[in-house]
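Heads up, the thing below is written out as structure tokens.
For the numbers below, each heavy atom of this structure counts, side chains included, while hydrogens, waters and symmetry mates do not.
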Amino acid sequence: WCVFSFLFGERADDVDYTISLYQNDAIVVNESLQLPTAGGASKTILLSANAGDTLSIYNTSAVDLPLTNASLTVLKLS
């Protein structure tokens with residue numbers, strides 16, 4: 001198991017974005033982050049992951065998203 005957090009800081013545009021979490025190139029259902037038109041947002045989840053799994057985030061919005069204020073944190077639980 002691991003704790004996975006992703007954060008996107010405040011930005012100047014007024015577009016709604018959706019950031020989705022993927023595990024081994026497949027979307028993790030119900031673990032997308034909706035970014036409001038103003039300010040930032042974050043999400044923390046508990047996720048079952050094995051050694052060698054790949055975790056990634058993708059912009060699944062219809063528009064480009066500048067990732068200038070983004071961070072990812074993964075903590076393995078033993």
Side-chain angles (χ1 to χ4, degrees):
W1 289 92
C2 67
V3 176
F4 184 83
S5 296
F6 47 116
L7 163 80
F8 292 87
E10 195 164 328
R11 53 191 204 288
D13 59 15
D14 61 353
V15 177
D16 286 327
Y17 293 108
T18 302
I19 304 301
S20 299
L21 174 62
Y22 282 70
Q23 184 175 17
N24 299 325
D25 296 322
I27 194 166
V28 179
V29 178
N30 297 323
E31 298 304 346
S32 293
L33 176 61
Q34 304 295 318
L35 296 168
T37 56
S42 65
K43 185 166 193 166
T44 300
I45 65 166
L46 181 62
L47 181 70
S48 176
N50 298 309
D53 280 2
T54 302
L55 299 174
S56 43
I57 56 169
Y58 291 98
N59 173 16
T60 50
S61 306
V63 295
D64 290 338
L65 170 64
L67 297 178
T68 54
N69 280 330
S71 69
L72 301 172
T73 304
V74 179
L75 174 64
K76 180 182 175 191
L77 303 175
S78 51

| request: Give the minimum heavy-atom separation between S20 and Y22, together with the two atoms involved. | output: O-CD1, 3.6 Å

| field | Test applied, side chain to side chain contact (heavy atoms under 4.5 Å, CB included); reference residue, F4; option that passes from L75, T73, I57 | value | I57

| query | If two hydrophobic side chains count as joined below 4.5 Å and joins carry through other members, does L55 share a cluster with Y58? | reply | no

Quick one: side chains of residues 45-54, donor-acceptor pairs under 3.5 Å with protein atoms, not counting sequence neighbours, listed by atom name and distance.
from: D53; atom 1: OD1; to: N24; atom 2: ND2; distance (Å): 3.1
from: D53; atom 1: OD2; to: Q23; atom 2: NE2; distance (Å): 3.0
from: D53; atom 1: OD2; to: N50; atom 2: N; distance (Å): 2.9

| Looking at CD1 of I19 and OG of S32, how far apart are the two atoms once the value is rounded to the nearest 0.5 Å? | 9.0 Å

| query | Would a distance-only check, ignoring hydrogens and angles, find a side-chain to backbone donor-acceptor pair under 3.5 Å from T60 to T18? | reply | yes

| task | Could you tell me which non-hydrogen atom of K43 sits nearest to which non-hydrogen atom of L33, and how far apart they are? | result | CB-CD1, 4.1 Å

